[in-house]
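Basis for what follows: all heavy atoms, side chains included, without hydrogens, waters or symmetry-related copies.
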Amino acid sequence: MDRTAGSSSDGTADSDDSGDHEKTDSSHSEASQRNNTRLTRASLRLSQSSQGRNTQLIYWHLIQLVSVISILHLDAPPDVKQAAERDESPPRTPTGNAPSSESDIDISSPNASHDESVTKDQKDSGSDPSRRPKRRRFHESYNFNMKCPTPGCNSLGHLTGKHERHFSISGCPLYHNLSVDECKVKAIEREKQEEERSQGQNEENRHATRHQAPTQRQVRYKEKVVEMRKRRDSGLTKDQKEKYMEHRQTHGTTREPLLENITSDYDLELFRKAQARAAEDLEKLRLQGQITEGSNMIKTILFGRYELDTWYHSPYPEEYARLGRLYICEFCLKYMKSQTILRRHMAKCVWKHPPGDEVYRKGAISVFEVDGKKNKFWRCNLCLLAKLFLDHKTLYYDVEPFLFYVMTEADNTGCHLVGYFSKEKNSFLNYNVSCILTMPQYMRQGYGKMLIDFSYLLSKVEERVGSPERPLSDLGLISYRSYWKEVLLRYMYNFKGKEISIKEISQETAVNPVDIVSTLQSLQMLKYWKGKHLVLKRQDLIDEWKAKETKRGNNNKTIDPSSLKWTPPKGT
């Protein structure tokens with residue numbers, strides 16, 4: 001029997017059993033014993049081979065199961081990304097080699113290397129559609145139709161060196177003046193440094209004490225850093241300055257400035273590591289679906305003494321949107337990248353209230369009229385801020401035809417933004433509000449109804465019937481329905497006549513008749529009887545409203561028409 005017929009795949013050395021037997025003078029018995037030993041070895045090898053084959057089959061089926069689960073959950077673990085060997089037999093180990101080129105990967109699948117092994121028969125049957133293997137559905141996060149916004153970039157590679165593609169500036173090697181290969185080399189170097197650091201920390205932790213002095217390794221590393229920082233150039237040469245200026249003039253803000261020789265190599269490497277780590281965190285959020293390309297990446301804003309969570313996307317510039325947090329001056333509404341910049345700006349900012357004319361003041365509440373034609377910088381920042389909390393708002397850079405009425409609350413530091421509404425200077429459909437917003441920190445305090453009431457007060461002065469522009473946001477619709485209900489019930493409570501006319505209600509309240517009819521229907525106060533529409537005076541609703549009004553008492557969350565100092569603009 002051939003000795004190599006059943007060789008073990010794990011490389012276990014054969015044991016020499018013949019050394020344990022005594023030699024006999026009979027050559028026949030010695031040969032028989034030798035044959036028995038060989039049979040024993042062969043049977044042992046066959047047993048090991050069958051066990052190894054069963055283990056391999058189990059591994060192979062596990063790979064297929066994990067691959068299917070990864071596709072169903074659309075989040076395959078990285079250790080399964082290495083494909084099975086593409087031959088007739090299943091792979092021998094669960095960690096096969098990755099494809100050597102991009103041509104080996106089927107880009108129709110988000111995890112192309114997870115596909116099952118393709119047999120030779122399947123390869124030969126490529127021309128037969130019925131026998132061709134089905135392609136898996138492509139994941140949205142790996143949509144190859146998306147492109148990096150950097151000009152001239154093909155979206156290949158990633159700043160971290162761990163991904164094949166990128167879709168944002170934060171992960172673009174070209175934007176950071178690097179090549180794809182350089183990013184991969186730096187990723188390998190960072191991994192080696194991290195392994196050495198973790199090993200050193202594990203050894204030091206074994207002998208750690210409560211008050212541990214710096215170890216020899218830490219002392220040597222500190223001396224090395226000090227020496228590296230001493231060796232850095234004192235300044236840029238003339239050729240380097242010309243090179244940097246040429247790079248800036250050629251690429252502008254589409255590329256990162258050249259950073260070499262600006263600081264020490266050690267500090268520059270620290271900065272590169274921080275960039276790669278931030279890009280990796282953003283990539284994880286994108287793969288988890290928390291950040292999608294083209295959606296809002298600004299999660300919070302620091303506005304005055306409040307930190308506000310944003311609700312919707314706002315088209316801030318890319319360099320600000322990808323930060324995740326913005327710092328906004330609550331008076332001039334300028335947006336900044338860091339709290340340090342905001343603190344320096346606040347020390348120099350001379351604005352304490354919105355630009356424009358103060359047309360209303362009662363107590364601490366003021367309303368300023370801002371003309372979009374005269375204060376373009378401020379109203380653009382206001383629109384960008386409002387879009388963070390409004391879903392149905394459309395931004396136009398040409399807002400000259402609009403007037404902005406900004407409500408503020410004053411204290412010893414200035415007039416703080418409460419909310420605003422805008423309206424067209426010449427509206428052919430008699431819209432008295434184009435966009436309305438109450439800042440989140442002032443919601444559910446009555447300021448929304450004050451803004452709505454103020455808009456209808458302006459319509460009364462103009463002797464017009466007004467209505468908000470559609471579509472209304474969800475919160476806006478709730479606020480307007482509540483306001484219309486309150487206006488109608490107050491009118492019913494004060495009405496002493498016998499017949500009520502919708503036209504008269506509209507003329508006195510400046511509410512559009514369509515809005516009055518819809519509100520009466522929702523209150524079940526409008527009935528059709530004998531060919532006529534009748535308005536029913538439901539005393540139970542009026543009493544309920546009066547009880548709430550009495551319980552609320554006298555508060556300052558109402559608009560006083562006598563405090564308005566305003567005349568309609570010319571041409572309206």
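- Using a 3.5 Å distance cut-off with no hydrogens or angles, the side chains of Arg165 and Ser155 do not pair a donor with an acceptor.
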Donor-acceptor list for residues 479-487 side chains, cut-off 3.5 Å, not counting sequence neighbours:
from, atom 1, to, atom 2, distance (Å)
Ser479, OG, Leu475, O, 3.0
Ser482, OG, Lys449, NZ, 2.9
Tyr483, OH, Asp453, OD1, 3.0
Trp484, NE1, Tyr456, OH, 3.1
Glu486, OE1, Lys449, NZ, 3.2
Glu486, OE2, Arg490, NH2, 3.0

Less than 3.5 Å apart, which donor and acceptor atoms pair up between the side chains of residues 519-535 and the rest of the protein, not counting sequence neighbours?
from, atom 1, to, atom 2, distance (Å)
Thr519, OG1, Asp515, O, 2.8
Ser522, OG, Thr519, O, 2.7

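- Relative to the six-membered ring of Tyr447, Lys557 meets both conditions, a distance below 6.0 Å and an angle of at most 45° to the axis.
- In summary, the side chains of Glu256 and Tyr175 do not present any donor paired with an acceptor at a separation below 3.5 Å, with no hydrogens or angles considered.
- Of the residues listed (Ile436, Val406, Val418), the one engaging Leu451 in a side chain to side chain contact (heavy atoms under 4.5 Å, CB included) is Ile436, and it is the only one.
- By the ring pair (Phe, Tyr, Trp, His ring centres under 6.0 Å) test, Tyr493 is found to be paired with Trp545, residues two or more places apart in sequence or in another chain being considered.
- Asp540 has a carboxylate O that lies under 4.0 Å from a charged side-chain N of Arg538, or vice versa, which qualifies the two as a salt bridge.
- You'll find the side chain of Arg272 reaches within 4.5 Å of the side chain of Leu259, heavy atoms only.
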Extract all donor-acceptor atom pairs below 3.5 Å that involve side chains of residues 502-511 and protein atoms in other chains or at least two apart in sequence.
from, atom 1, to, atom 2, distance (Å)
Ser506, OG, Val511, O, 2.7
Thr509, OG1, Ile505, O, 2.6
Thr509, OG1, Val511, N, 3.4

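- Under 3.5 Å, the side chains of His158 and Glu280 contain no donor-acceptor pair of N or O atoms.
- For the side-chain hydrogen bond (donor to acceptor under 3.5 Å, both in side chains) test, residues two or more places apart in sequence or in another chain that qualify with His416 are Glu330, Asp411, Thr413.
- Here the two rings, on His353 and Phe331, have centers that are 6.0 Å apart or farther.
- Applying the side chain to side chain donor-acceptor pair (under 3.5 Å) test to pairs two or more places apart or on separate chains, those with a residue in residues 332-346 are Glu319-Lys337.
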Could you walk me through whether Leu156 and Glu164 satisfy the side chain to side chain contact (heavy atoms under 4.5 Å, CB included) test, starting with their C-alpha distance in whole Å, then the side-chain angles of each, then the deciding distance to 0.1 Å, before giving a yes or no? CA-CA 6 Å; Leu156 294 178; Glu164 296 298 328; over 6 Å; no

